[in-house]
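Values reported hereafter were calculated over all heavy atoms of this structure, with side chains retained and with hydrogens, waters and symmetry mates removed.
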Amino acid sequence: MRQFLKILFFFILPITLKSQRVLDEVTINSGRILIPFSEENRNLIIIDSTFLNNSSAKNLSEILQQVIGIDVRRRGNDDIQSDLFIRGGSFDQTLLLINGIKVEDSQTGHHQMNLSVPLDLIDKIEILKGPGSRIFGMNAFNGAVNIITKKNSENGNINLGYGSFKTFQSSASIPINTKKSSHILSSTYRQSDGYRYNTDYNYFNIFYSGIIEMNNSDLQVLFTNSDRKFGANGFYASPEAKDQYEDTNGSLLNFKLTKKRENISMESALYWRRHEDTYIYIRNNPSFYKNDHISHKLGFQNNISIFSDAGITGIGIDFSNTWLSSNNLGERNRFIATIFAEQLINKNRFSFTPGIAFSIYEKPSNDLFKSKLFPGIDIGYKLSDKISLNANIGETFRIPTFTDLYYSDPNNEGNENLDPEKAFTSEVGFKLREKNYDISLSLFRRKSDNLIDYIKANPNDKWSPQNIKNVITTGVEFNSKLLLKINNISNTLNLGYAFINDDYKNDILSRYSLNSYKHRLILNFDFKLSKSISNYLSYRYGVRESHDENNKSVVDYKISMQRDRWKVTINLNNIFDSKYYETNLIQMPGRNLALGLNIKI
């Protein structure tokens with residue numbers, strides 16, 4: 001900690017603070033309604049292209065770890081396997097979307113991040129913190145992360161990299177632009193020997209995005225496929241299970257048609273998601289224990305925004321069906337249909353967005369259809385053009401995954417008698433938006449019933465999902481962004497702090513949702529020594545509810561040197577060689593180095 005403060009003061013002391021520029025205004029897709037970011041009354045964070053390009057992060061997991069309120073628990077290095085949490089919830093309670101398409105996995109939330117897109121193909125990331133069920137339906141229990149991919153590019157790119165643990169990375173992207181269409185084709189390959197025994201991996205991704213203009217409509221086509229093969233030392237079972245292995249392959253194909261008229265905007269999407277997973281308990285002896293799972297999800301969604309004197313009306317429908325074939329979970333099927341509606345009303349300094357969602361789904365235990373209503377409301381009040389207050393309340397709901405219900409192996413046992421999770425969440429917040437800085441403060445409370453977590457009463461028992469009653473989660477989040485000048489060059493400082501407390505009575509060992517960050521501090525400093533040399537310093541401090549003394553400070557640093565079409569980067573991760581864990585007693589890599597070369601073509 002003292003070492004970090006010395007570095008921080010060294011860079012900040014010579015700063016001359018000046019009013020630099022108005023923070024960029026962006027438009028966000030708040031469920032059914034398209035509104036400016038400054039009008040949003042919920043806790044929404046936008047990670048823009050500048051942050052993505054300058055950050056020390058090399059993949060999606062590392063980017064999200066630099067956002068307050070987000071907890072990404074990695075197993076191993078380089079985003080090869082990770083789980084996504086928002087505000088202390090479990091990884092099954094957080095929804096991941098790509099261009100507004102839900103890529104949740106009915107088998108298990110472990111696979112959501114398997115479809116993550118390489119950073120150089122992402123335009124921005126929208127992060128909604130808080131109840132999202134009335135906006136996105138089930139599984140957006142504690143929030144959602146929406147990845148918006150690039151629609152076009154002027155230049156192609158070739159990237160090469162090499163680093164610690166014999167890690168090699170290469171990627172190439174090619175843009176094809178015509179008068180009425182834009183296309184991007186990309187491929188990415190990464191491999192490593194791993195930072196400890198049986199953590200080697202191979203990763204390959206192919207990506208295509210195309211947008212075609214047709215009269216008053218745009219047709220967007222997206223296809224991505226990610227293949228991951230990796231040693232999984234201690235990833236899923238106990239830390240003693242050192243010879244596990246996994247092979248996953250995920251695909252997403254999406255056709256989206258957007259139409260805009262004078263007072264109506266409509267967006268229709270047809271999508272298909274496929275995921276294949278092979279898990280081997282002993283890598284060199286597959287016959288001892290092996291699981292094979294293949295799932296398909298076919299879905300259609302349609303959103304309409306109507307602009308009138310009464311405000312903006314948003315309505316939508318979402319239908320999906322998932323098929324799963326597994327030698328462990330059996331042959332399973334799940335159909336979900338959801339209808340959405342919300343209305344944005346502006347009255348003087350007040351704004352209101354009441355909304356409701358109605359879902360029909362198959363109850364796992366008897367294949368009967370059940371229904372659930374998700375009401376909620378967002379309220380905003382502008383004290384001035386720069387200061388606003390906001391509040392929201394809403395109900396959330398999640399049905400168990402197939403793994404929760406049916407999975408069985410030497411270390412885990414499913415539970416067919418699980419009930420759906422439900423919660424009531426409320427939040428109040430404050431936002432200050434000046435020319436050269438942003439400040440926000442939020443307080444939230446979530447009362448969860450039937451919360452599902454993998455627990456065991458004794459260390460030698462199997463992990464088993466159970467409904468934990470009456471868990472009350474309270475928290476505070478502070479976020480700030482400062483634009484400043486050093487030697488007449490623009491720089492950015494981000495500082496955030498979060499506190500979370502889970503109140504429950506169970507004397508149990510928890511694997512996931514009840515081991516949140518109790519305290520979390522994040523500082524990101526993007527600064528330039530000259531117009532061609534950029535620096536990025538990221539500091540993360542966290543203490544989990546388990547009070548693990550090793551979960552402390554991690555500092556990453558990146559320097560980039562740009563010249564014409566060439567860019568050289570040096571990443572030094574965990575520069576103070578901290579010993580820390582993110583999940584399942586898996587020690588994360590110590591100090592490591594990565595070198596990169598980017599060539600624009």
salt_bridge([X], [Y]) N-O dist < 4.0 Å:
{"X": "K129", "Y": "E427", "value": "no"}
{"X": "D105", "Y": "K297", "value": "no"}
{"X": "D48", "Y": "K124", "value": "no"}
{"X": "D438", "Y": "K431", "value": "no"}
{"X": "R134", "Y": "D378", "value": "yes"}

In a check of side-chain contact (heavy atoms from CB on, under 4.5 Å) between Q112 and each of L95, D92, D83, which one passes?
L95

D292 and side chain to side chain donor-acceptor pair (under 3.5 Å): which single residue from T278, N328, N327 fits?
T278

If you take the centroid of each ring, where Trp contributes its six-membered ring, are F402 and H293 closer together than 6.0 Å?
no

Near-ring test Y407/Y279, centroid separation under 6.0 angstrom
no

Gap separating the CG atom of L329 from the OG atom of S106, nearest 0.5 angstrom
11.5 Å

One should read off an interatomic distance between N390 CG and N43 CG, to the nearest 0.5 angstrom, of 7.5 Å

Under a 3.5 Å threshold, yes or no: a donor from one side chain and an acceptor from the other, between T149 and N99?
yes

State whether F91 and R73 meet the cation-pi test: NZ (Lys) or CZ (Arg) under 6.0 Å from the six-membered ring centroid, and within 45° of the perpendicular axis.
no

Chi angles and distances behind the salt bridge (Lys or Arg N to Asp or Glu O under 4.0 Å) call for D318, K102
CA-CA 10 Å; D318 188 340; K102 296 184 289 187; 3.1 Å; yes

A side-chain contact here means heavy atoms from C-beta on lying under 4.5 Å apart; do I452 and D419 qualify?
no

